[in-house]
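Take a look at the structure set out below.
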Amino acid sequence: QVQLAESGGGLVQGGGSLRLSCAASGRTLGTYAMGWFRQARGKEREFVAAISKSGDATYYAESVEGRFTISRDSAKNTVYLEITSLKPEDTAVYYCAAGSRRFMILKRDEYRYWGQGTQVTVSS
């Protein structure tokens, strides 16, 4: 069993930056592919970024490519999402997820563990 806890969200002005953290407990994250998703009010949860079990490979949604960076720190058992050049349309609850089915996971349904989410609000 893996417990995930996101932090780092908040209210930020457009063009600003944030670093979201996803701390894991219960088991080491080294055997899990990790991902970040977001859900805006009234919309479905959508894929944002993924990182492979080894940390060598990453993949991003087209809408965030070049602005978001996913990384992982095995020593801290934590995954990060650096968000820059924030836009109002980035406003959402951001969730991290862990899964072991594949080396890297892009599909929401293939993730087994989810955090509770952290709110990011971008003002214009």
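Worth saying up front: this structure is predicted, and the values here are computed from it rather than measured.
- Linking Ile, Leu, Val, Met, Phe, Trp and Tyr whenever their side-chain heavy atoms come within less than 4.5 Å leaves F47 and V79 in two separate clusters.
- Cation-pi check for R27 over Y32 is not met; the charged atom does not lie both under 6.0 angstrom from the ring centroid and within 45 degrees of its normal.
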Apply side chain to side chain contact (heavy atoms under 4.5 Å, CB included) to residues T31 and S100 and explain how you reach the verdict. CA-CA 7 Å; T31 59; S100 58; 5.8 Å; no
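- Ring geometry for F68 against Y94 counts as tilted: the plane angle lies between 30° and 60°, on a 0 to 90° scale.
- Closest approach of G99 to Y111, counting heavy atoms only: N-CD2, 3.7 Å.
- Nearest approach of Q13 to S123, heavy atoms of both residues: CA-OG, 3.4 Å.
- Nearest heavy-atom pair, L29 versus R72, reported as atom, atom and distance to 0.1 Å: O-NH2, 2.5 Å.
- Counting heavy atoms of neighbouring residues, nucleotides and ligands inside a 6.0 Å radius, atom CD of E46 exceeds 12 of them.
- The CD atom of Q1 sits 9.5 Å away from the OG atom of S25 when rounded to the nearest 0.5 Å.
- Cluster annotation: Y113 is connected to V48 through the hydrophobic network of ILVMFWY side chains, with a link wherever side-chain heavy atoms come within less than 4.5 Å.
- Remark: T118 OG1 to R38 CZ distance equals 14.0 Å, nearest 0.5 Å.
- To the nearest 0.5 Å, atom CZ of residue R108 and atom CD of residue Q39 are 7.5 Å apart.
- Y80 carries R19 over the face of its six-membered ring, with the cationic atom under 6.0 Å from the centre and within 45° of the normal.
- A distance of 4.0 Å separates CG in L20 from CD1 in I83, rounded to the nearest 0.5 Å.
- Summarising the geometry, atom CG belonging to L4 is positioned 9.5 Å from atom CG belonging to N77; distances are rounded to the nearest 0.5 Å.
- No donor-acceptor pair under 3.5 Å is formed between the side chain of T58 and the backbone N or O of I51.
- Judged purely by distance below 3.5 Å, without hydrogens or angles, the side chains of T121 and Q119 pair a donor atom with an acceptor atom.
- Distance check, rounded to the nearest 0.5 Å: OH of Y59 to CD of E65 gives 8.0 Å.
- Contact detail for L81 and A49: the closest heavy-atom pair is CD1-CB, 4.2 Å.
- For the pair A57 and F103, the tightest heavy-atom approach, listed with the atom from each and the gap, is CB-CE2, 4.3 Å.
- Counting only distance, with no hydrogens or angles, the side chain of E6 and the backbone of G117 share a donor-acceptor pair below 3.5 Å.
- Nearest heavy atoms, G9 versus V120: CA-CG2, 4.1 Å.
- L18 and L11 sit in two unconnected hydrophobic clusters of ILVMFWY residues. Membership requires side-chain heavy atoms under 4.5 Å apart, directly or through other members.
- V64 and I70 fall within the same hydrophobic cluster, defined by Ile, Leu, Val, Met, Phe, Trp and Tyr side-chain heavy atoms under 4.5 Å apart, directly or through other members.
- Looking at T84, its side chain does come within 3.5 Å of a backbone N or O of R67 through a donor-acceptor pair.
- Under the 4.5 Å side-chain heavy-atom criterion for Ile, Leu, Val, Met, Phe, Trp and Tyr, M34 and Y95 are members of distinct hydrophobic clusters.
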